[in-house]
Amino acid sequence: MQDTIEYITAKIKDFKPELGIILGSGLGDFADNVDGVRVKYQDIPGFEKSTVAGHKGQLVFGRVEGKNAVIMQGRYHYYEGYHISRIVYPVKVMKKLGVKTLIITNAAGSVNKKYTAGDLMVIKDHINLMGVNPLIGENDSSLGDRFPDMSEIYKKSLIDKTLDKAKELHMPVWKGVYAAMSGPSYETPAEINMLRIMGADAVGMSTVPEALVANYCGMEVLGISCITNSAAGVHPSRLSHAEVVETAAKVKESFKKLLVSVIREI
Ligand code: HPA
């Protein structure tokens, strides 16, 4: 961790990020217009290379709507084969750099039958079905407790602010529960049925490890899902990553608008 922080601080000098943003599939170009320092994951000691098509793999440090931000342009997924502790390592680094609020975005399939592709959903809570917890292992008590509370991972005030902004922008935005599966295979129709019975509204393969660790570290978290497809079995069509990226690309302008107006307010 010391090597990581030293490497990054040598690049960003006395820039102190207070806001962290993790960009999901197809949404990475939010960071393209941010003026600032770009640091490739592959060059950072302690970081892994990101491998998914549609993900860039760099940290972008710069001002976003008057806030000092660090943006993850591309993230690590458990299905890439990394140890779960590597997936959440950047969140711990953000904490050490001074980040207080973390906005996490992702692409997700709709479990709730009222949702359709192209909708946005603010995450009110999650269900961890990845089969692993990112805090397993020795606890670093400088970051958080051994048995951390998870009763409000997604900060209510941030959820309300986002819904208010969405209303002002006349954008319909859902509020729902995100279930995380390990992937990389999409779910079966029976699994989607199970998720619906459990109370999930959307399903994806990310976000939960990062949100869990951010909450453990004492950060405030906001999660927003871009519903890119109906989950398996809702419609007869087959699921594909191309469809996920395509829908995310269609929605990204309104997604950006919402993000910007939320960031202005926090
Ligand atoms: N399932 C899991 N992850 C996803 C999906 C899905 O349907 N869509 C985008 N990410």
Side-chain angles (χ1 to χ4, degrees), residues 21-30 50-57 72-82 84 87-88 103-132 134 154 173-212 222-252 254-256 258-259:
I21 305 171
I22 303 178
L23 299 171
S25 295
L27 304 164
D29 74 353
F30 177 79
S50 184
T51 60
V52 183
H55 289 256
K56 256 187 188 157
M72 283 186 76
Q73 208 170 16
R75 59 144 65 85
Y76 302 115
H77 300 86
Y78 187 46
Y79 61 72
E80 290 173 80
Y82 304 121
I84 191 69
I87 313 296
V88 296
I103 301 179
I104 310 179
T105 71
N106 62 48
S110 63
V111 174
N112 188 319
K113 288 183 179 169
K114 289 186 191 146
Y115 295 9
T116 49
D119 289 350
L120 296 179
M121 181 191 90
V122 182
I123 304 177
K124 69 173 177 198
D125 204 351
H126 75 218
I127 304 174
N128 181 7
L129 292 166
M130 284 188 158
V132 69
Y154 304 90
V173 174
W174 301 102
K175 180 168 85 169
V177 172
Y178 175 92
M181 305 286 270
S182 72
S185 52
Y186 289 112
E187 301 70 33
T188 64
E191 285 164 348
I192 293 302
N193 201 29
M194 170 191 78
L195 295 176
R196 197 174 295 119
I197 292 164
M198 283 180 161
D201 297 292
V203 59
M205 305 172 192
S206 68
T207 302
V208 159
E210 297 105 312
L212 193 158
L222 172 67
I224 309 176
S225 295
C226 171
I227 304 297
T228 51
N229 58 281
S230 298
V234 178
H235 294 298
S237 59
R238 294 169 66 85
L239 305 191
S240 72
H241 185 60
E243 179 193 7
V244 168
V245 174
E246 194 182 308
T247 313
K250 274 188 203 149
V251 180
K252 73 182 175 195
S254 53
F255 201 158
K256 276 189 222 169
L258 180 64
L259 267 184

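Start at 1 with the first residue, then count along the sequence. Start at 1 and go down the list; that is how both ligands and their atoms are numbered.
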Colleague: Is any side-chain heavy atom of I87 closer than 4.5 Å to a side-chain heavy atom of P134?
Modeller: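 Of all side-chain heavy-atom pairs linking P134 with I87, none is under 4.5 Å.
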Colleague: Please list, in number order, the atoms of ligand 1 under 4.0 Å from a heavy atom of T228.
Modeller: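 Atoms satisfying the 4.0 Å criterion: 8 (N), 9 (C).
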Colleague: Would you mind listing which atoms of ligand 1 come within a distance below 4.0 Å of any non-hydrogen atom of V203?
Modeller: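 In order of numbering, the contacting atoms are 1 (N), 2 (C), 3 (N), 4 (C), 5 (C), 6 (C).
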Colleague: Quick one: does I227's side chain get under 4.5 Å of N112's, heavy atoms only?
Modeller: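 No, every pair of side-chain atoms sits at 4.5 Å or beyond.
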Colleague: Report yes if some N/O of S230 lies less than 3.5 Å from some N/O of ligand 1; otherwise report no.
Modeller: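 No, no N or O pair falls under 3.5 Å.
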Colleague: Within ligand 1, which atoms have a heavy atom of N229 less than 4.0 Å away?
Modeller: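 Answer, ordered by atom number: 5 (C), 6 (C), 7 (O), 8 (N), 9 (C).
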Colleague: Could you tell me whether the side chain of Y186 reaches within less than 4.5 Å of the side chain of V244, counting heavy atoms only?
Modeller: yes
Colleague: Under 4.0 Å from a heavy atom of A107: which atoms of ligand 1 are those, numbered in the order shown and with their elements?
Modeller: 9 (C), 10 (N)
Colleague: Given side chains that start at C-beta, do those of K124 and V177 come closer than 4.5 Å, heavy atoms only?
Modeller: yes
Colleague: Are T207 and R75 side-chain neighbours, meaning at least one heavy-atom pair lies under 4.5 Å?
Modeller: yes
Colleague: Heavy-atom distances under 4.0 Å decide this one: backbone, side chain, both or neither, for L239 against ligand 1?
Modeller: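 Near ligand 1, L239 shows its side chain, while the N, CA, C and O stay back.
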Colleague: Based purely on interatomic distance, does E187 place a nitrogen or oxygen under 3.5 Å from a nitrogen or oxygen of ligand 1?
Modeller: yes
Colleague: If we only count heavy atoms from C-beta on, is the I123 to N106 side-chain gap below 4.5 Å?
Modeller: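 They are in side-chain contact.
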Colleague: Tell me the protein heavy atom at minimum distance from atom 3 (N) of ligand 1, and give that distance in Å.
Modeller: G204 CA, 3.3 Å
Colleague: Give me the ring orientation class for W174 and Y115: parallel if the planes are under 30° apart, tilted from 30 to 60°, perpendicular past 60°.
Modeller: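 Taking Y115 first and then W174, their aromatic rings lie parallel (interplane angle under 30°).
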Colleague: Counting heavy atoms only, which part of A232 comes closer than 4.0 Å to ligand 1: side chain, backbone, both or neither?
Modeller: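 No part of A232 is near ligand 1 at this cut-off.
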Colleague: G109 to ligand 1: N or O pair under 3.5 Å?
Modeller: yes
